[in-house]
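What follows is one structure encoded as structure tokens, with my remarks underneath.
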Amino acid sequence: MTDAVDVAVIGAGPYGLSLAAHLSAAGVGYRQFGMPMRLWRDAMPKGMYLKSQGFASNLSDPGAARTLEAFCAATGRSYASYGLPVPLDTFVAYGQWFRSELGLAVEEALVTNVAREDGGFRLTVDGSADVSARAVVVAVGVEHFAYVPEFLSGLPEGLCTHSSAHTDLSAFRGQQVIVIGAGQSALESAALLHESGADVTVLAREPRLAWNGNPLPPDRPLPQRIREPESGLGSGWSSWFYSNHPQAFRHLPRNTRVYRARTALGPAGACWLRSRVEGQFTVLTGHAVTSVEPQGSRVRLEVTSGGTSKELTADHIIAGTGYRANLSRMRFLSAEIQSALRGVAGTPVVGPGYESSVHGLYFIGPLVAPTMGPVMRFVYGSRHAATTVGRQLAGAGYRVKPPVPAGR
């Protein structure tokens, strides 16, 4: 027997929960599948902080009432719109509170297949139950897209893992660990390892580490704010554009969009992390790995810098090399759907309403950064995505019950 629903939402992180809030308020019949806030709970280390400012770390609901600030006030936690990093455990608890406050029903099950059927879609849930839907929104985060460089891919997990594999880095206390990368995940992982008692070396190709600047005071004189506006993704006109105008970003030349989606805002460490890295442990910049191989229970690397080679050994390598969104890793999408999707740099092209070239199939979040811009890599982008898709679906004849007032 196949259950029917108007809209199926796949994913229950910040983007999925934000969309559910908008669909529920608009009275759109939907079912949501996924593990709430799983990426943040199970793929990030204890002691981590969000890179985004507090004001830029809100999930989106129609009344903009369930903000991080409101959650912190309700639960007695510290909060500042600017200058105070948001702890990971606070953000996870905020996502759970957001869901509870709005009464969002999430079915904690995984969608294992999506196929087209009779003008709509058939979803297989947990490998057995079938659900039919007129529209599907893929709102997954980056958990599918952990990137490990090819030169590390042949090492066993006992010697090399991606940074997302660890929730407690104190397991490496007393061990020699090499962290590869120069972005936030690499640098914060290295700091946490060092603070947990590991012997850490950071290895990066970049000639020097880059650091984001301190947030600019929101009460600066108007001429300063015009010269360098502050936005959800940081300061400056480029960040302001990425933060506030994903629809305009769509119209940039293809190669520009792909490049900006990949390189804007990084690799760089947050300003508050700098003192926990510089002078605390060894950082080797301008180094390229030329070979890597197991050496008994340890791992040996050969690296070069300025024409000079050296050998490094460690108990473990952590690849803090980020994520690369790619449709080929969306294995729950049928081969027929995959082949019908128009793509750009391995990701789906979407229109102004986030609908793909497969009618009724929508994508929001990191997968659409090459179309909608780098804001889709951050929580801040959930507001535009959820508002736009919620409005699109509410106006497409999917309203099957009276609208639910926000917060009810």
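Please read these numbers as outputs of a predicted model, since none were measured by experiment.
The aromatic ring centroids of F172 and H166 lie less than 6.0 Å from each other. Aromatic ring centres of F145 and H162: separated by at least 6.0 Å.
Atom OH of Y49 sits in a sparse spot, with 12 or fewer heavy atoms from other residues, nucleotides or ligands closer than 6.0 Å. For R260, the CZ atom counts as loosely surrounded, since its 6.0 Å shell holds 12 or fewer non-hydrogen atoms of other residues, nucleotides or ligands.
Side-chain atoms of T313 and R298 form a donor-acceptor pair, as typed in the model, at a separation below 3.5 Å. A donor and an acceptor atom, one from each side chain of S231 and S243, are located under 3.5 Å apart. With no hydrogens or angles considered, no side-chain donor-acceptor pair links D126 and S128 at under 3.5 Å. For the residue pair T304/H287, the side-chain donor-acceptor check at 3.5 Å is not satisfied.
Ion pairing between a basic and an acidic side chain is recognised when a charged N comes within 4.0 Å of a carboxylate O; D3 and R31 show such pairing. Ion pair K310/E302 not flagged as a salt bridge, since none of the NZ, NE, NH1 or NH2 atoms sits closer than 4.0 Å to an Asp/Glu carboxylate oxygen. Salt bridge status for R274 with E188: absent, with no side-chain N to carboxylate O gap under 4.0 Å.
F71 pairs with exactly one of F98, F91, W97 by the ring pair (Phe, Tyr, Trp, His ring centres under 6.0 Å) rule, that one being W97.
No side-chain heavy atom of L361 sits under 4.5 Å from any side-chain heavy atom of V137. Annotation: side chain of V375 is in contact with side chain of L233 (closest heavy-atom distance under 4.5 Å). Side-chain contact check for P352 versus R250: some heavy-atom pair is nearer than 4.5 Å. With contacts defined as side-chain heavy-atom distances shorter than 4.5 Å, the pair Y94/N58 qualifies. Contact of the E230 side chain with the P218 side chain is not registered, since no non-hydrogen atoms from C-beta on lie closer than 4.5 Å.
Put simply, CG on L265 and CZ on R377 are 6.0 Å apart, with the number rounded to the nearest 0.5 Å. Going from atom SG of C160 over to atom CG of L152 covers 4.5 Å, rounded to the nearest 0.5 Å. Atoms CG and CD1, from L301 and I178 in turn, are 4.5 Å apart once rounded to the nearest 0.5 Å. Rounded to the nearest 0.5 Å, atoms CG (L19) and CG (L393) are 7.0 Å apart. Taking NZ of K46 as the reference point, atom CG of L192 lies at 10.5 Å (rounded to 0.5 Å). Here the CD-CG distance, from Q247 to N244, works out to 12.5 Å after rounding to the nearest 0.5 Å.
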>> Please determine whether side chain to side chain contact (heavy atoms under 4.5 Å, CB included) holds for the pair Y242 and F249, giving the CA-CA distance in whole Å, both sets of side-chain angles, and the decisive distance to 0.1 Å.
In response: CA-CA 7 Å; Y242 301 144; F249 186 91; 3.9 Å; yes

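A cation-pi contact links R383 to Y380, judged by a cut-off of 6.0 Å to the six-membered ring centre and 45° from its axis.
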